[in-house]
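Below is one structure, written out as structure tokens; the observations come after it.
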Amino acid sequence: QVQLVESGGGLVQAGGSLRLSCATSGRTFRMAALGWFRQAPGKDREFVAAINWDGGDTYYADSVKGRFTISREYAKNTVYLQMNNLKPEDTAVYYCAAADRNYSGSFYSPRTYRYWGRGTQVTVSS
């Protein structure tokens, strides 16, 4: 099992920044990738960004490219999501997820991820 705990959410004005953290524990050697997803009220969970745990390759949704940056701190088993120039439409609960090394599918799909955190709320006011 891998446990994930998100932190860093909050209320920010449009144009502001937040940095989310995802601390992992447990069988972290099983992780192939970590991703961030978000879900707004009444909407499906959507992909935000992902990072290959070993190689560091990154993937982004078009809606956040150039504004969000995903990174990892290998020694701390922690992944970050730096969010700049936030917009009201970024308001959502943000979830961290880990894909197991036996994963199949695309990093862009929530079905690829086996482990999930409980989420952290991000609210962007206009």
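In this structure, Y115 and Q1 have side chains that are in contact, with non-hydrogen atoms separated by less than 4.5 Å. Residues L18 and V122 form a side-chain contact, since some pair of their non-hydrogen atoms from C-beta on lies under 4.5 Å apart.
Contacts classified as side chain to side chain donor-acceptor pair (under 3.5 Å) and involving residues 14-23 (residues at least two apart or in different chains) are given here: S17-N84. Within the structure, the disulfide bond (SG atoms under 2.5 Å apart) test picks out the following pairs touching residues 3-75 (sequence neighbours left out): C22-C96.
Under a hydrophobic clustering in which Ile, Leu, Val, Met, Phe, Trp and Tyr are joined whenever their side-chain heavy atoms come within less than 4.5 Å, directly or via other members, Y113 and I70 fall into different clusters.
Nearest approach of S106 to T112, heavy atoms of both residues: O-OG1, 2.5 Å. In terms of heavy atoms, S126 sits closest to A14 at CA-CB, 4.4 Å. Here the closest heavy-atom approach between residue A92 and residue Q121 is recorded as O-NE2, 3.4 Å.
Looking only at distances, no side-chain donor or acceptor of D100 sits under 3.5 Å from a matching main-chain atom of Y103. Between the side chain of Q13 and the backbone N or O of S125, no donor-acceptor pair lies under 3.5 Å. Side-chain atoms of R67 come within 3.5 Å of backbone N or O of N85 as a donor-acceptor pair.
Side-chain contact check for T91 and E89: no donor-acceptor pair (N or O, by modelled atom type) lies under 3.5 Å.
Once rounded to the nearest 0.5 Å, the distance linking CD of E46 with OG of S63 reads 5.5 Å. Expressed to the nearest 0.5 Å, how far CG of L34 lies from CG of L81 amounts to 11.5 Å. Residue T69 holds its OG1 atom at 11.0 Å from CE of M83, rounded to the nearest 0.5 Å. Note that OH of Y95 and CZ of R38 are 13.5 Å apart. Values are rounded to the nearest 0.5 Å. Atom CZ of residue F68 and atom CG of residue D90 lie 4.0 Å apart, to the nearest 0.5 angstrom. Expressed to the nearest 0.5 Å, how far CD of Q82 lies from CG of L20 amounts to 9.0 Å.
Under the rule for a side chain to side chain contact (heavy atoms under 4.5 Å, CB included), the partners of A23 that lie at least two apart in sequence or sit in another chain are T78. In terms of the side chain to side chain contact (heavy atoms under 4.5 Å, CB included) criterion, residue partners of N77 (sequence neighbours excluded) are, by chain and number, T24, T28, W53. Remark: Y59 pairs with F47, A50, D57, F107, Y108 by the side chain to side chain contact (heavy atoms under 4.5 Å, CB included) rule, at least two apart or across chains. Scored by the side chain to side chain donor-acceptor pair (under 3.5 Å) test, Y80 finds E73 as partners (sequence neighbours excluded).
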Decide yes or no on side chain to side chain contact (heavy atoms under 4.5 Å, CB included) for V79 and W36, but give the supporting numbers first.
-> CA-CA 9 Å; V79 170; W36 287 97; 3.6 Å; yes

Does the pair T123 and V12 meet the rule for a side chain to side chain contact (heavy atoms under 4.5 Å, CB included), with working shown?
-> CA-CA 6 Å; T123 303; V12 64; over 6 Å; no

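In summary, D62 and K65 engage in a salt bridge, as defined by a charged side-chain N under 4.0 Å from a carboxylate O. With salt bridges taken as basic N to acidic carboxylate O contacts below 4.0 Å, none links R72 and D54.
Heavy atoms of other residues, nucleotides or ligands lying less than 6.0 angstrom from CG of D44 number 12 at most.
Under the 6.0 Å cut-off for aromatic ring centres, W116 and F37 qualify, their centroids lying closer than that.
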